[in-house]
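Report on one structure; see the data block that follows.
Per chain, numbering begins at 1; letters A, B, ... match sequence-line order. The structure displayed is predicted, hence computed values, not measured ones.
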Amino acid sequence: MRAQYDKEHFRKHSLPTPFYPRMAELSQDSSWHCWKGYLSADYFENVELEYFAIRNACSVMDLSPMSKYRIRGQDAEAFFDRMVTRDMSKLKPGRVGYSVWCNDQGKVVDDGTIFRFGEHDYRLCAYERQYEWLMISSAGFDVDITDETEGVAALSVQGPTSFAVLSKMGLSGIETLKPFGIVHFPYHGGKLMVSRTGFTGDLGYELWVGGSKALTLWDELFEAGKHYGIRAIGTHALDIARIEAGFIQAGDDFTPANHTIRKDHDRSPFELGLGWLVHLDKPNFTGRRALIREKEKGSRYRLVKLDIDGNKPAHASYIFHGRKKVAGVVTSAVWSPTCKQNIAFASLEVAIDDPLNDLWAEIYYQRELQWNRVWQRCRVHDEPFWSPPRRRATPPGLF
Amino acid sequence: MNKYDAIVIGAGHNGLTNAAYLAKSGLNVLIVERNPYIGGATVSRELYEGWTYTNCSYVSSLLRPEIYRDLNLARHGLQVVPFGGGATLTQSGDYLGSYTNHEVKRREFARHSLHDADAYERFSTDVMRYCRFIRPFLLRTPADPTSFKPKDLSELFFLGKNLYELGEEELYEFIRFFTMSVAEFLDQYFESELVKAALSGSGLIGTALGPYSPGTAYVLLHHYMGDIDGNVGAWGFARGGMGSLAKALAGALQEHGGELRTDAPVAQIRVRNGRTKGVVLESGEEIDAPIVVSNLDAKRTFLKIMDQKDLPDEVVERAQNFKIKGSSGKLNIALDGLPEFPQFPVGCPLIKGDLHITENFEQLERAYDDWKNGTWSKWPYVDMMIPTLTDPTMAPPGKHMMSVFVQYCPAKLADGDWTPDKREAFGQTVIDAIATFSPNFKDLILHTEVRTPHEIEAEVGLTAGNIFQGDLSFDQLMFNRPFPGYAQYRGPVKGMYMCGSTTHPGGGVMAAPGANAAREILADLGRENITPEDFGDD
Ligand SMILES: Cc1cc2nc3c(=O)[nH]c(=O)nc-3n(C[C@H](O)[C@H](O)[C@H](O)COP(=O)(O)OP(=O)(O)OC[C@H]3O[C@@H](n4cnc5c(N)ncnc54)[C@H](O)[C@@H]3O)c2cc1C
C-alpha cells in the first residue's frame, strides 16, 4: 500500500488536519507542535481556561492525527485476540476496548483503543504508527488492513456539559449511550460515529467523520455549544486532565518497545500497572510466554501514582527511599487544579524489601531564574486522582 | 637532525593523528610523507583553477569527536558541516528522497510503501542498537582472546558485558548480522525495491562485494556508527574539503613540536637484531628512531617497506593473503553552473545530499557482475554530491563542484592493464549515466579528474585502491585486524607499530586507529596515556 502524497509534500513539515481552518482562527499565538506529522495546537488562548473547560463545561480537541487502522475480515476477532493482551471475545459489536499489545518479549509495543463496529469490522486507534506491526501480526489471518489516519477526522468532546451539547446538536438517542459504547448517525449525506470514550476521565465523547464533513461538524458543534461553555483546547490542557484521570501516555510514561535502544528501557504491562489488561488464561497471544515468566519471576519496575506534599510539580524528579536510595523517576507530574493536589506518575525499580511508605521526591524548581531544591514526601495513590460519578452516569446529567 | 624518538611513515589522517599524540606526549616526532602534499585519502587539491576538489574521501561522520576536541582541531581550522537531503533517482522520473525532518522523511517513504515507512522506524532502532554496541570499541584496543594478561581479560570482560547489555534476543540477531548480506538484512524490514536499493548503498561502498554477498550488512553499520555532534548516523562536509581535516591535524602536530616532511618516500624500515632502528628514504637518506610507525596498509607495510627476512614467516604469509580488493573509482568535476535534475520539484532540498541512480538490487548485483568480469560497471552505483551547495569555499560563486564516488571499478582489468584511454572510457560511462538524469550536466563540465583504483594506488598508496586499507570482512575486524595476533598495533619487530586504517577499527576518516596506536606506544614507553576516552552513551 502506498500513501497518496505527491512529491510536493516536503514543503511543510506538519500538515493541516481537516479542522485546521477553524483552529487557525482561534489560535491566539499560533502555538502548534507536530503530532505524527500534523499540526496540533499546544493551546488556543490560555491553558488554565482550556483545562477548566474539560472539568467545568465542554472542551473540544482535534484528535485527527491519531493513527487509525481499519481491520476487516473473517478472522478479525481471532487476529486481535492473538495480537493484544486482552480477551477480545468479550468485546461485543458496538463497544470499544482499551488494550496494550506486546512483542514476544512481553514488552509493550503500544496502547490504544479498539472499536468493534460489527462482527468482522474493527478500528484500531493507536499512539504509534502500527501498520507494519499489524502486517507482521496478521500473518495467517484472513483480515484486510487499511490505514485510515488520513481519511477520518475526529474530535474529542469532553466535560460535564458535553452530553447537553451533543443533545442540542440533535444527536437523539445519545442519552442511552453507555461508557465505551458506539452509535452511528447519518450526517449530511455521510456518517457520524460517536463513541463514549476519552482521555480525560470525565463525561465525554469522541466524534468521528469523513474529512469532508469535518468543518460542518465543527461549526454545528460550536453552534450547539455556545450556551454551554464550549471551548477548543490544545494538548497542554489535556495533559493535566489525563494525569488526574490516571491515564499513562506512551512516549511520556514509557517508551514503546520498538523504539527502545537501551536494555531494560522497555516496559511490560505489569510494569505499567496494566496487569488488569493481561489475560493470561487466553491460550495464545503475542508475549504470553514472557509475561507468564514475568509473573513467576517478578517484574523489574512498577508504575505508581504519587500524591506529593507541597505544591511544586515534581517534573523529572528522582524518587528516593528514605531520602537516601534512588527508587525511580517521575515520568509525568502536574499540579491538579481540580483535586488541589501535587500529583505524579513515577516508575520505580522493584526490590522486594523496599517499602513504599518512605518515598521522597527531590524537586527542583525555579524562581526568578534561580534554582531551588525541596524534598517532599510522596504517598502512593491506588485510584485515579479524579473520577467523578458523572463519568459513568447513563443517562448523563446536563452539567 | 637525523635522530628522533619516533618516525611515522605516511601523513594520512591516521599517521597525522598518531604523530600528534606522540608529540603531545613530549616525544620528538618526525612524519615522512611520500607525496608533496599531506592527507593520503583525506586530501583536497586544486587541479582546476578556482576549484577545490575533495579528491578521495568527501564526507565526514566517523571522525571521533573525542579526538576532534582533544587535539583542538576546531582551532586548527576544521569545521564539519552537516548537509541535508539525498535521493535515489529512478529511470521513471521518480525518486526516494531522504529529508532531515522525521515526518517528511516518513511521508516520502510512505509515497513508495506505507509498510516501509513504519518499518524504517524498526530498522533505525535496530541499527542504533548495534551502533551503540560498537561505538564504545572504536577508541579501545581489541582484546587478544588467546591471552591471559589482565588487560586482555578486562577487555574481554568489557566485550562480554556489552554483549550482555544487548539483551538475549538482540544478541542472536547481532551475531547473525555479522555474516549477513545487506540484501538479506534489508529484506527483513522492507518490501519496496527502491527503498531497499537506496538503503543498501552504505553496505557496498568501498567493498568488492554485491548486495547479496555475506558480510555486507556489517559494512552498512560501519557507515552508520559515526556522528556529527552526537547525531548518530549523520554525515557532513569538512569545510574547505576533507583536506582541511588533514591540515588541522598537521596544525595540532606542529603545535606540539612535531616535524613534517613531504616528498620523502620511505624505501624501507631498518631493522637490526630484531629491533627497529629507523627508516631509509628512497633518496638513500637514513633517519634513526627506536620507534617506527607505519600508516600504510598491512600489505604495503610488510611486503613493500620491510625486508621479509626481518619478519616471521607467518606475518609474510598473512600479509600476502590479506584481503584488500579494489572496487571504487572517483570523479571530481568542475561545473560552470548547477546541474538540473528535473525530477525534483523547484526548491526541493534533496539535491544538497548524496544522489544515487541504482534503483534495485538487480542493478547493483549486475554492476558487481561487471567487476567480477574484470571491467567497470556499465550502469554503476554512484554516490554523487555537490558540496558547493553547502560549502561556499570550494568553487567561485555560482559555479559548482561535483564529487562522484563510483562502484564498481576493478584494480585489474580482464583485458590488460589500465591505460589513460580506458580511464577516460570509465569516466565517460559515469558521466553518460549521470547525464540521463540531468540534461544540462555535460555542457557544464569544465574539467574532470578521473580516478580508478590504479590512480588511487599510485597516488595515495592504497593497495589495489582499497579505500579501507583492507576489506571490512568479519575475518579482518576487531582482534583479527589486520591479522590475528597483531591487532594491538604492535608489529612483529620490536619498536615497530601500525596506525593506519588497516588496523582496528578500520577504514574511513575516523582517526581512531592513529590514536589507539599512540596509546599502545605510550604504554610500551611507560608514559602516561593522553589519548581520549569514549564520550559514552550517545
Ligand atoms: C576514493 C575514496 C573515497 C573515500 N570516501 C570516504 C568518505 O567519504 N568518508 C570516509 O570517512 N572515508 C572515505 N574513504 C576512506 C578513507 O578516506 C580512508 O580509509 C582513510 O582516509 C585512510 O586513512 P589512513 O590515514 O589510514 O591512510 P592513508 O590515507 O592511505 O594514508 C597513508 C599515507 O601514507 C603515504 N605513503 C604511502 N607509502 C609511503 C611511503 N613509502 N613513504 C611515505 N609515505 C607513504 C601515503 O601517501 C598516504 O599519505 C574514501 C577513500 C577513497 C580512496
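Of all the listed residues (A:H9, A:K36, A:E128), the one sharing the greatest number of non-hydrogen pairs under 4.5 Å with chain B is A:H9. Heavy-atom pairs under 4.5 Å with chain B were tallied for A:Q105, A:R2, A:R129; the largest tally goes to A:R129. Interface check for chain A: of the options B:H112, B:K105, B:M128, the most heavy-atom pairs under 4.5 Å are formed by B:H112. The candidate from B:G97, B:A117, B:S113, B:G167 with the greatest count of non-hydrogen atom pairs under 4.5 Å with chain A is B:S113. Contact count against chain A (heavy-atom pairs under 4.5 Å) is highest for B:E165 among B:Q343, B:E165, B:E191. Among the candidates B:R107, B:H115, B:E108, the residue making the largest number of heavy-atom pairs closer than 4.5 Å to chain A is B:R107.
Contact of B:C131 with chain A is not made at all, since no heavy-atom distance falls under 4.5 Å. Looking at A:I136, the atoms closer than 4.5 Å to chain B (heavy atoms on both sides) all sit in the side chain, from C-beta outward. With a 4.5 angstrom heavy-atom cutoff, B:E168 does not touch chain A via any of its atoms. Heavy-atom distances place the backbone of A:Q130, and not its side chain, under 4.5 Å from chain B. With a threshold of 4.5 angstrom between heavy atoms, B:Y164 approaches chain A through its backbone and through its side chain. Contacts of B:D126 with chain A are absent, with no heavy-atom separation under 4.5 Å from either backbone or side chain. With a 4.5 angstrom heavy-atom cutoff, B:E170 does not touch chain A via any of its atoms. With a 4.5 angstrom heavy-atom cutoff, A:D264 does not touch chain B via any of its atoms. B:R132 touches chain A through its side chain: at least one heavy atom from C-beta onward sits under 4.5 Å away, while N, CA, C and O do not.
The side-chain tip of B:R140 points at the ring of B:F158 from less than 6.0 angstrom away and within 45° of straight on. Cation-pi geometry between A:K7 and B:Y95 is not satisfied (NZ or CZ under 6.0 Å from the ring centre, within 45° of the ring normal).
Proximity of B:V104 to A:K12: side-chain heavy atoms (C-beta onward) are nowhere separated by under 4.5 Å. In this structure, the side chains of A:I114 and A:Y98 stay at 4.5 Å or more apart for every pair of heavy atoms. The shortest distance between side-chain heavy atoms of A:D252 and A:T331 does not fall below 4.5 Å.
Within 6.0 Å of CZ in A:R11 there are more than 12 heavy atoms belonging to other residues, nucleotides or ligands.
The pair A:D147-A:R70 does not meet the salt-bridge criterion, since no charged nitrogen lies less than 4.0 angstrom from a carboxylate oxygen.
Two rings, from A:F117 and A:Y122, have their centers 6.0 Å or more apart.
Note on ring orientation: taking the six-membered ring where Trp is involved, the planes of A:F115 and A:W208 are perpendicular (angle over 60°, cut-offs 30° and 60°). Taking the six-membered ring for Trp and thresholds of 30 and 60 degrees, B:F185 and B:F123 have ring planes inclined between 30 and 60 degrees apart.
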